[in-house]
Every structure is written in structure tokens, then in C-alpha cells.
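Numbers for residues simply follow the sequence, beginning at 1. Basis for what follows: all heavy atoms, side chains included, without hydrogens, waters or symmetry-related copies.
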Amino acid sequence: MMKHGALLAVAGGAALRSCPARAVQPVRGGHVRVASTTGSLSDTLDPARESMVTDYIRSAMFYDGLVMLDEALVPRPALAERIESDDFRTWTLRLRSGVQFHDGATLTSADVVYSLLRHRDPLVASQVRFQAAAMRSVRTDGPLGVIIELCEPNISFPSVLGMSNFAIIRNGTKNFETANGTGPFRCAAFQPGIRSLAVRNPDFWKSDGAWVDSLEVISISDDMARHNALLSGDVDIIAEVNPRLVALLRQRGMGVMESPTGTYTDFAMRQDIGPGKNADFVQAIKHLFNRDQIADSVWLGFCRLGNDQPLPPEDRYYNHDLPQTTFDPDRAKWLLNKNGFLHQDLPPLICSPAANASVDIAVLLQNEASRIGLRLDVRRMPADGYWSQSWMHFPLGFGNLNASVSADMTFSVAFASAAPWNESHWRSPHFDELLTLSRREADEEKRKAIYYEMQTLIHNESGLCIPNFITSLDGYHQRIKGLHPYLGGHLMGNNFSRFIWVDDGAGARPAESAPA
């Protein structure tokens, strides 16, 4: 097989709606305050355990991965200068020389081996244990060489290493009261659920990896409080702007960055229990989703049309040939009446504020169902505990999937028969075979054709309805420069800290005013 330069490959990047081009060369200096949406006493500095937005933001400041995903989610060199494979099963990594941890220790292959293998330990409670299980062995090959052998070939493996949870820590690290990474910022303060303070790392291996002197990240879960903090000048950047407040922010001179992402809110009809076992019921409900109405009334236009398969239109593997599922209540009524569902008591629609906008979407679906004589009750569950106690436990329910690092990752974690997040419990041996085949295919066009067929299977057979893909919205003061859209989600896939800089002419606070 041809040698595969995984970090340099992939043409045809996605089209992004970008912010205005930088007119001035970035400069160093300044202190920036950022408001994220989540925070709790379970906040962590352990990359393996991070699972919330603010955790990912901190991780990007303090740690590095072996690769970094660019704005189109293409893996690029980071701590690993090269990742190569002849058969896509055995991967050879060459690390950068001279990279230092924040405590002064030099990065070696032993650090990488330790970081990757600890995900297997159940006591670590790694959030990527499923992905790490694909690595049969990880071993050193000299002080800067690492060899990873997978259980099965996977051409997309470098993208897996770009996940934030696979950040590299120092060999033997067990205490995470502070962060000892190789990232562009050092941890000066960490108060779980409250704030984190980062100061620029003067020994960072990348000369243009950080511009601001310090960053403070605080958690403001309340929507209005977070927006008010930006408008009042208490913070410079906020995550997750409410679509209904975009016009207000822009009227007040704030910037709003729009990033098309693969994030979606879905409706899952389990195909192992309840009415979802009937294919006509599944198709009928898909025809009851008024996607244009959801786009206008729920997302206020900050979304793109979904077609009941998980790759967004910007993805280079998106199947443009699939017929669009349309809003067709007459067709839905015929299918439901044919199978007697119009006269049955059906399970409720399970939704929650935890699944973004699912309550609003559930009500819209309920209203459309009532117009054709179908009774669907909506049961709103509390956000606390939704993902562990309600999600995937009921016949009909809503979920979320954030933007994934690759098409392969999306398929493997959410649609393969053994996938941990297979919400509709769809089982397709043919799909599983195609997934395996795609991971071995070196020819880009042939792999694209396989992905097209996989999307067609999901669209036609699975019990998942994906009405829209959400456009990520982030707000910022005009003094903040360097932000640009990422397919990976809000705040540049949580990597904004590596790119932003402060325009002193717009009134940036000097670094000396950073909190102690």
C-alpha cells in the first residue's frame, strides 16, 4: 500500500462563512476575559475526564495533542511532526524535539505512551475509552518515536488523536490540581465551577501559538447574564450566543461569529421497542418534521437544512445526491392510518433543556401531528441527569450530537451496530461492513463513494430524524481579533485562545491589569 501522509492529506476543504480578514499584524499583550456556559465542582484539568465545554477550553490552553484539527477538521502536525502508515493499522509517529512541559521537563515518547494507555484504566473514567480501545498497543521507538498498532486498520485514525481528550500529559501524572502540559498557556489559577486563569507560556514550542498575555475563563450558565456581561464590558468573549439576541449584540457594536458545524438536535425512534419497530411509522414521523419552520422559529435562520443523516452540507463527504426528506403531512397520515397508529396510545416524546431546543421542536412536532389526528404527548424532563437517566431509555426521545472530528468518528460512535450512542438502536450488518471497508480504502474518491452509500442507508433505514444542523454563534468585543469560523464548533472548536489577539487601538486592557 502507498505510504499515507495523514497529516498533510485531504483536499476540498469545506466552505466557511468567515469573519473579515485581518488588516493588522497580530501583536502580543493584553488580558482577555471569556464567559463559557458550563461550570460545576466536577470541572477537571484531566484531559481524559473532561466532558464539558469549559473543560475543553481549559485543555486547549494548557495542553497539546499529537495533532491539531484545522478549521475544516483536517488533522495537522502538533506534538507529532509526522504520522505515517503503510497499512493503516500500524502507525509510526515522530515527535518534535525540544518541547517542554510547564515544569521544564522535556517531552519524550514515554509521555505519549503513558497519556494514551491510561485511557484504558477504568479508574481514570476516560471519556474516550471507546475510541482508545481501538489501539491494540502503544510503545516507544526511541526517545522521540512512538508506534501505535490498531486492532483494525483505520485511515482516519490521525483525526481521533486530534480529540481534546487525547492531549498529552507528563509520564506518571496523577495529580490534576493544576495543569502541567506543553500548551501555549500555563495554569495560574483553577477554581472548579468558577474561574480559571491562564498566563502565556514563554517557552511554548510554536512561535505564533499565543498572542495575549493572560486569559481568564469564567462560567456563566444563565443565558441573559452571559450576554449582559459582554454588553457591559465585564467580559470580552462569550460562548453560545442566543439567536434571538444576535441583532441586539450587533446593534450595540459587538461582533457575532457564525460557524457552520456538524452539531445537531435529533429525534430518535428506537427500532427495538415501541412504534419505531414499524418502518412506516418512522417514515411518517420524518415527514411530519417541518424543517423550514424549525429553522425559522427555533434557530431564527442560524442553521442549515438536515436530511436525516449526520454529515452537514459543509463536510467534504456530504452526499449531495440524497433526495431531501420533505414536510408531507398527507403522506404521513396515510402511512400512520395504514398501520393503525392514528387510533393508538403512543409513548410520549421525551425532551429536555439539556438537548438543545428539543422542547421547542417537540411542541412543533406535536402540533403538526395533531393536525392529522395523531396524538403525541410531550414529556419534558429536567436537564439534570437527562443524559444518564432519560436519553436513549425511552421509545421516542430527543438527543444532541456535537460536531465530530471526522465522518468515520460520527459513523462509529452513533450508527454502527455496536456504537455507544446509537440512539435509535439501528442495526445494519451492511453498514458495519461498509464502515470497515472505508477504513481500509486509500483512494479518496472510492472512500467518498462508500461514505455516500453509508449516508443513504442511515437516511433510508435508521430511526433518527435530523431536521437541521446548527450554526454556532459566539459573541465578542471588537477589540478581540483573530477569531474565525471552525467546523469543529463554537469558539474555534474551543481552540480560540491560540489565535486571538487584542487591538490596543480599540481599548484593550493591558496585561498588568490581569487578576492575580
Side-chain angles (χ1 to χ4, degrees), residues 262 264-291 294 305-311 319 322-329 331-336 338-342 344-352 355 358 361-362 364-366 368-369 372 374-379 381 386-387 390-401 404 410-432 434-435 453-469:
Y264 58 77
T265 295
D266 62 74
F267 180 65
M269 295 162 276
R270 284 185 55 170
Q271 295 175 291
D272 59 336
I273 58 174
K277 296 170 67 175
N278 184 292
D280 284 345
F281 177 86
V282 171
Q283 291 304 313
I285 296 301
K286 289 180 179 180
H287 282 303
L288 277 181
F289 273 88
N290 190 333
R291 296 157 203 260
I294 294 172
L305 196 63
N307 196 21
D308 305 330
Q309 63 81 25
L311 301 189
N319 187 345
L322 268 179
Q324 176 64 49
T325 304
T326 59
F327 175 56
D328 191 344
R331 174 67 177 169
K333 183 175 182 178
W334 185 84
L335 289 169
L336 293 167
K338 168 189 171 185
N339 292 274
F341 286 111
L342 292 179
Q344 292 183 19
D345 291 328
L346 297 174
L349 310 180
I350 304 300
C351 58
S352 169
S358 64
I361 298 173
L364 291 176
L365 177 60
Q366 180 187 48
E368 295 299 344
I372 63 170
L374 179 69
R375 179 178 175 180
L376 292 177
D377 294 327
V378 174
R379 182 182 298 175
M381 311 298 281
Y386 181 73
W387 300 113
S390 299
W391 181 54
M392 296 178 59
H393 291 296
F394 292 87
L396 306 175
F398 285 85
N400 272 138
L401 189 71
S404 186
T410 299
F411 294 143
S412 63
V413 302
F415 293 95
S417 295
W421 300 339
N422 189 334
E423 295 180 75
S424 70
H425 293 246
W426 176 57
R427 303 288 187 268
S428 171
H430 183 42
F431 181 89
D432 297 339
L434 290 173
L435 179 60
E453 185 176 354
M454 294 168 74
Q455 292 169 72
T456 300
L457 287 172
I458 295 172
H459 174 273
N460 292 341
E461 299 179 8
S462 88
L464 209 67
C465 181
I466 303 173
N468 305 94
F469 290 97

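The main-chain N or O of L376 is found under 3.5 Å from a side-chain atom of Q366 such that the two form a donor-acceptor pair. R291 places a side-chain N or O within 3.5 Å of a backbone atom of I466 that can act as its donor or acceptor partner. Using a distance-only test at 3.5 Å, with no hydrogens or angles considered, a donor-acceptor pair links the side chain of Q271 to the main chain of E461. Of the possible polar contacts, one joining the Q455 side chain to the N319 backbone as a donor-acceptor pair under 3.5 Å is found. The main-chain N or O of G306 is found under 3.5 Å from a side-chain atom of Q324 such that the two form a donor-acceptor pair. A donor-acceptor contact shorter than 3.5 Å links the side chain of D432 to the backbone of S417. With hydrogens and angles ignored, the 3.5 Å screen pairs no side-chain donor or acceptor of D308 with any backbone N or O of N460. Between the N422 side chain and the A416 main chain, a donor and an acceptor come within less than 3.5 Å of each other. Within the 3.5 Å criterion, the main-chain N or O of P323 finds a donor-acceptor partner in the side chain of H459. Although no hydrogens or angles enter the test, the distance criterion places a donor-acceptor pair under 3.5 Å between the side chain of R270 and the main chain of M392.
Here OG1 of T326 is found 10.5 Å from CG of N290. Values are rounded to the nearest 0.5 Å. Between the CZ atom in F411 and the CD atom in Q309 there is a gap of 7.0 Å [rounded to 0.5 Å]. From F431, atom CZ reaches atom CD1 of I458 across 4.0 Å, with rounding to the nearest 0.5 Å. The structure places CZ of F289 at 15.0 Å from CG of D328, a figure rounded to the nearest 0.5 Å. Once rounded to the nearest 0.5 Å, the distance linking OH of Y264 with CG of N468 reads 13.0 Å. Here CG of D272 is found 8.0 Å from NZ of K277. Values are rounded to the nearest 0.5 Å.
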E368 and F327: side chain to side chain contact (heavy atoms under 4.5 Å, CB included), yes or no, with the steps? CA-CA 10 Å; E368 295 299 344; F327 175 56; 3.3 Å; yes
Can R375 and L346 be said to form a side chain to side chain contact (heavy atoms under 4.5 Å, CB included), step by step? CA-CA 8 Å; R375 179 178 175 180; L346 297 174; over 6 Å; no
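Ring orientation note: the planes of F398 and F267 are tilted relative to one another, at an angle of 30° to 60°.
Residue A355 comes nearest to N400 through the heavy atom pair CA-OD1, 3.0 Å, listed as atom of the first residue, atom of the second, then distance. The nearest pair of heavy atoms linking P310 to T410 is CB-CG2, 3.5 Å. P467 approaches I294 most closely through the heavy-atom pair CB-CD1, 4.1 Å. The two atoms that bring L288 and A332 nearest to each other are CG-CB, 3.8 Å, heavy atoms only. The shortest non-hydrogen separation linking V282 to G276 is CG2-O, 3.5 Å. Shortest non-hydrogen contact noted between G399 and E423 is CA-OE1, 3.4 Å.
Side-chain contact between I361 and C351: absent, with no pair of heavy atoms (C-beta onward) separated by less than 4.5 Å. With a 4.5 Å cut-off on side-chain heavy atoms, F281 and L335 do not count as touching.
Counting non-hydrogen atoms of other residues, nucleotides and ligands closer than 6.0 Å to CZ of R379 gives a total of 12 or fewer.
A side chain to side chain contact (heavy atoms under 4.5 Å, CB included) with S352 holds for exactly one of W387, Y386, W391; it is Y386.
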